[in-house]
**Student:** 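Dropping a structure here in structure tokens format, bear with me for questions.
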Number of protein chains: 2
Amino acid sequence: MRTLKYALLGLIDRGPITGYDISKEFEKRIMANFWHAKHSQVYPELKRLLEENLITVELIIQGEKMEKKLYTITTEGHAEFVEWLLLDEPLGVTPKDVFRLRTFFSDFMSASDYEQHLHSQLDKHNFKKASLENSMTKSFDNIPEYGSKEFGDYAVLLGAIMREDSYLAWLKACLGAINRQD
Amino acid sequence: MRTLKYALLGLIDRGPITGYDISKEFEKRIMANFWHAKHSQVYPELKRLLEENLITVELIIQGEKMEKKLYTITTEGHAEFVEWLLLDEPLGVTPKDVFRLRTFFSDFMSASDYEQHLHSQLDKHNFKKASLENSMTKSFDNIPEYGSKEFGDYAVLLGAIMREDSYLAWLKACLGAINRQD
DNA sequence: GCAAATCATGTCAATAGTTACATGTTATAT
DNA sequence: ATATAACATGTAACTATTGACATGATTTGC
């Protein structure tokens with residue numbers, strides 16, 4: 001599948017970037033809402049893309065002697081990225097979710113234990129939702145124009161908020177289902 | 001993390017079961033909505049659980065000579081499973097989503113190409129939602145009692161439907177955002 | 001001045017998961 | 001009868017991902 005390959009090509013296609021900055025995108029930024037990779041996965045993949053001639057590298061010196069590697073996309077790399085971007089793949093497997101697994105096995109715990117679980121999940125997802133909504137109001141006061149980088153940022157952030165909303169609604173429905181039994 | 005371990009222990013804790021039937025749960029049944037594993041991952045994990053004395057095995061002959069292995073939970077296995085079930089873990093990493101990745105990079109494709117993607121996704125998720133809703137109406141005409149196996153089935157199925165609903169709403173919002181620009 | 005955080009790049013061992021290979025039995029439909 | 005699908009269990013090679021180890025430079029706050 002090599003999805004990481006295309007995530008890296010896409011980021012590099014935005015302009016020259018270092019492996020460190022790519023890792024930051026995955027770990028802290030908007031991207032973390034739908035993809036992630038540790039630096040220990042990023043560096044070897046960059047090495048591979050280089051060997052495949054999809055990117056080039058330029059060594060630069062920051063300050064006195066700190067070395068940085070700036071990666072740039074090649075024509076070939078851009079072509080492969082755009083080809084992938086237009087692919088219409090079948091829906092992948094449903095994502096794994098440990099809390100749903102615990103819910104599936106809720107018959108092995110008491111109602112009060114499961115309720116405690118639900119309240120803890122509500123807290124955590126409410127916190128996450130608030131953080132996402134904060135990003136949204138700070139970054140966007142109207143819908144960015146299609147074709148801009150900002151449109152993509154907006155769309156995936158909106159998706160992340162809606163996903164949290166839906167998860168919260170589900171948790172509340174589970175709480176309701178425990179208590180409102182006829 | 002060994003989540004597969006606990007998924008297997010939970011299934012075996014419901015009663016003696018074969019590796020084949022466990023694999024079926026992951027591939028075809030309700031479980032596929034939040035966890036999955038191929039038989040090539042299930043059989044070695046069962047072997048390991050056996051070595052760890054969390055389960056026992058009984059060889060039975062089906063018909064003339066077809067061998068089946070029935071796995072049963074041990075006291076130790078049950079204890080470990082329940083202990084895991086009550087753990088309140090921090091939220092795991094956000095699940096990966098290839099279509100969200102493509103959306104993030106939508107500035108590299110034309111509006112009509114992205115709209116085509118959105119319509120294709122709408123089709124696929126509508127189909128999935130319809131299939132889930134069919135399971136729901138076929139299996140449940142009211143909310144099962146908390147504590148029954150059916151409650152877990154109902155809750156995760158409801159969650160799966162809500163997740164599809166939310167995804168569909170997001171896709172429609174993206175469509176709207178392309179066109180309704182001020 | 002100096003400690004801590006952050007910048008910056010990498011490797012290695014281990015775990016998790018997929019795909020392909022491998023084999024044989026039993027039920028079902030034609 | 002016989003082919004096909006489903007039942008049943010496994011291994012091997014490979015890809016993906018994580019966590020720990022390893023090293024050094026630069027900036028920031030006190």
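The sequence lines fix the lettering, A, B, ..., with proteins before strands; numbering per chain opens at 1.
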**Student:** Under a 4.0 Å heavy-atom cut-off, which of residues 79-98 of chain B touch DNA chain D?
**Tutor:** B:K96
**Student:** Quick one: list whatever passes side-chain hydrogen bond (donor to acceptor under 3.5 Å, both in side chains) with B:T94, sequence neighbours left out.
**Tutor:** A:K128
**Student:** Side chains of residues 45-69 of chain A: which donor-acceptor partners sit under 3.5 Å, not counting sequence neighbours?
**Tutor:**
unit_1: A:E45; atom_1: OE2; unit_2: A:R2; atom_2: NH2; d: 2.7
unit_1: A:E52; atom_1: OE1; unit_2: A:R2; atom_2: NH2; d: 3.4
unit_1: A:E52; atom_1: OE2; unit_2: A:R2; atom_2: NH1; d: 3.1

**Student:** Of all nucleotides in DNA chain C with an atom under 4.0 Å from a non-hydrogen atom of chain B, which is the first and which the last going 5' to 3'?
**Tutor:** C:dA16 to C:dT26
**Student:** Side chains of B:E150 and B:F140: closer than 4.5 Å at any heavy-atom pair?
**Tutor:** yes
**Student:** Tabulate below the donor-acceptor pairs under 3.5 Å that side-chain atoms of residues 157-164 of chain B make, not counting sequence neighbours, or state none.
**Tutor:**
unit_1: B:R163; atom_1: NH2; unit_2: B:N33; atom_2: O; d: 2.5
unit_1: B:E164; atom_1: OE1; unit_2: B:H125; atom_2: ND1; d: 2.5

**Student:** If you group Ile, Leu, Val, Met, Phe, Trp and Tyr by side-chain heavy-atom gaps below 4.5 Å, do B:L87 and B:V82 land in one group?
**Tutor:** yes
**Student:** side-chain contact (heavy atoms from CB on, under 4.5 Å) for B:W170 and B:F99? Distances and angles first, verdict last.
**Tutor:** CA-CA 12 Å; B:W170 173 61; B:F99 183 69; 3.9 Å; yes
**Student:** So for the helix from C:dG1-D:dC30 to C:dT30-D:dA1, with five pairs setting each end axis, what is the inter-axis angle to 10°?
**Tutor:** 40°
**Student:** Indicate yes or no: at least one non-hydrogen side-chain atom of B:I22 is less than 4.5 angstrom from one of B:H39.
**Tutor:** no
**Student:** Heavy atoms under 4.0 Å is the rule here; annotate nucleotides 3-10 of chain D 5' to 3' with B where the base is hit, S where only the sugar-phosphate is, and - elsewhere.
**Tutor:** ----BBBB
**Student:** Please check: side-chain N/O of B:D113 versus main-chain N/O of B:M109, any donor-acceptor pairing under 3.5 Å?
**Tutor:** no
**Student:** Ring centres under 6.0 Å, that's the criterion: do B:F105 and A:F81 meet it?
**Tutor:** yes
**Student:** With the threshold set at under 4.0 Å for non-hydrogen atoms, list the residues of residues 29-38 of chain B touching DNA chain C in residue-number order.
**Tutor:** B:H36, B:K38
**Student:** Once you measure the plane-to-plane angle for B:Y6 and B:W84, does it fall in the parallel (<30°), tilted (30-60°) or perpendicular (>60°) bin?
**Tutor:** parallel
**Student:** Mark yes or no for whether A:S23, through its side chain, and A:G19, through its backbone, hold a donor-acceptor pair below 3.5 Å.
**Tutor:** yes
**Student:** Passes side-chain contact (heavy atoms from CB on, under 4.5 Å), A:Y167 versus A:D97? Steps please.
**Tutor:** CA-CA 11 Å; A:Y167 209 96; A:D97 182 330; 2.9 Å; yes
**Student:** Just to verify, what does B:S106 make a side-chain hydrogen bond (donor to acceptor under 3.5 Å, both in side chains) with, not counting sequence neighbours?
**Tutor:** none
**Student:** Keeping the roles fixed (side chain from B:K38, backbone from B:E27), state whether a donor-acceptor pair exists under 3.5 Å.
**Tutor:** no
**Student:** Heavy atoms within less than 4.0 Å of DNA chain C: which residues of residues 1-8 of chain B have one? Give them sorted by number.
**Tutor:** B:M1, B:R2
**Student:** Could you pull out all residues at least two apart from A:K149 that satisfy salt bridge (charged side-chain N to carboxylate O under 4.0 Å, His left out)?
**Tutor:** A:D153
**Student:** Please work out which of the three classes, parallel, tilted or perpendicular, describes the rings of A:F104 and B:F34, given edges at 30° and 60°.
**Tutor:** tilted
**Student:** Excluding sequence neighbours, so at least two apart, what forms side chain to side chain contact (heavy atoms under 4.5 Å, CB included) with B:K96?
**Tutor:** A:W35, A:H36
